[in-house]
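Okay, structure first, notes after.
Numbered from 1 within each chain, the chains take letters A, B, ... in sequence-line order.
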Amino acid sequence: NAGVTQTPKFQVLKTGQSMTLQCAQDMNHNSMYWYRQDPGMGLRLIYYSASEGTTDKGEVPNGYNVSRLNKREFSLRLESAAPSQTSVYFCASTLRQAGTEAFFGQGTRLTVV
Amino acid sequence: GEDVEQSLFLSVREGDSSVINCTYTDSSSTYLYWYKQEPGAGLQLLTYIFSNMDMKQDQRLTVLLNKKDKHLSLRIADTQTGDSAIYFCAEILYNFNKFYFGSGTKLNVKP
């Protein structure tokens, strides 16, 4: 009954450090997404993976890379963190079909100092 | 990208009705959604409506869709303090590839 699990929940990085945010879903969903949430800007799509083996850029991909490791896992990597990447990051997954619902993880609060 | 727009804030008194509005630009939307986000939490689906429907009711929630004006609203009857949260509308297009979210409306319910 886990749904979408993100790790870590909180992280503080220094400018220039790298890290990977992990996301896993146990619902056999086809599509997975990474969003960032900033005050007053809603959710902005960073990258998505429509199906295993494919990834595509969203609205704000610069400074990020992703890997769809298998059907369950979709990771987001910051190679050289910048203060502008301070945000709350959400992973989501969907079946990608009519009437589908997006299930969200609990979020990762990232601060870059 | 697609534009989904919402007002940022709404304040109501407990027991009143709340109406949260959303406009979208793409007429090829298939489904439109309302999500709720409580402080420190992820987004949870409240309800959704298929684009060929005008209205959907689910207990205290009523969704109205005006497809001609590309306008979606969420009415919460008898609003409670536990309804205080951020509400996001979202659309998904015909290829089901991506969700597009509005900026969120922060609902504040005063006792």
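- In this structure a side-chain-to-backbone donor-acceptor pair under 3.5 Å is present from Tyr35(B) to Ala102(A).
- For chain A, no part of Phe50(B) is nearby; none of its heavy atoms comes within less than 4.5 Å.
- Heavy atoms of Gln37(A) lying under 4.5 Å from chain B belong exclusively to its side chain.
- The part of Gln37(B) that comes within reach of chain A is its side chain, from C-beta onward, which places non-hydrogen atoms under 4.5 angstrom from that chain.
- Taking hydrophobic clusters as Ile, Leu, Val, Met, Phe, Trp and Tyr residues chained together by side-chain heavy-atom distances below 4.5 Å, Phe9(B) does not share a cluster with Ile20(B).
- Residue Phe99(B) is grouped with residue Val63(B) when hydrophobic side chains (ILVMFWY) are merged at heavy-atom distances under 4.5 angstrom, including chains of intermediate members.
- Ile92(B) and Met27(A) are members of different hydrophobic clusters when ILVMFWY side chains are connected at heavy-atom separations under 4.5 Å.
- Annotation for Arg44(A): atom CZ counts as buried by contact number, over 12 foreign heavy atoms lying within 6.0 Å.
- In terms of hydrophobic clustering, with Ile, Leu, Val, Met, Phe, Trp and Tyr side chains grouped at heavy-atom distances under 4.5 Å, Phe90(A) and Trp34(B) are assigned to a common cluster.
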Open item on the list: Using side-chain contact (heavy atoms from CB on, under 4.5 Å), reason through Leu43(B) and Leu43(A) one step at a time and then give a plain yes or no.
Closed with: CA-CA 10 Å; Leu43(B) 278 70; Leu43(A) 290 163; 3.4 Å; yes
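- The ring of Phe104(A) has its center closer than 6.0 angstrom to the ring center of Phe101(B).
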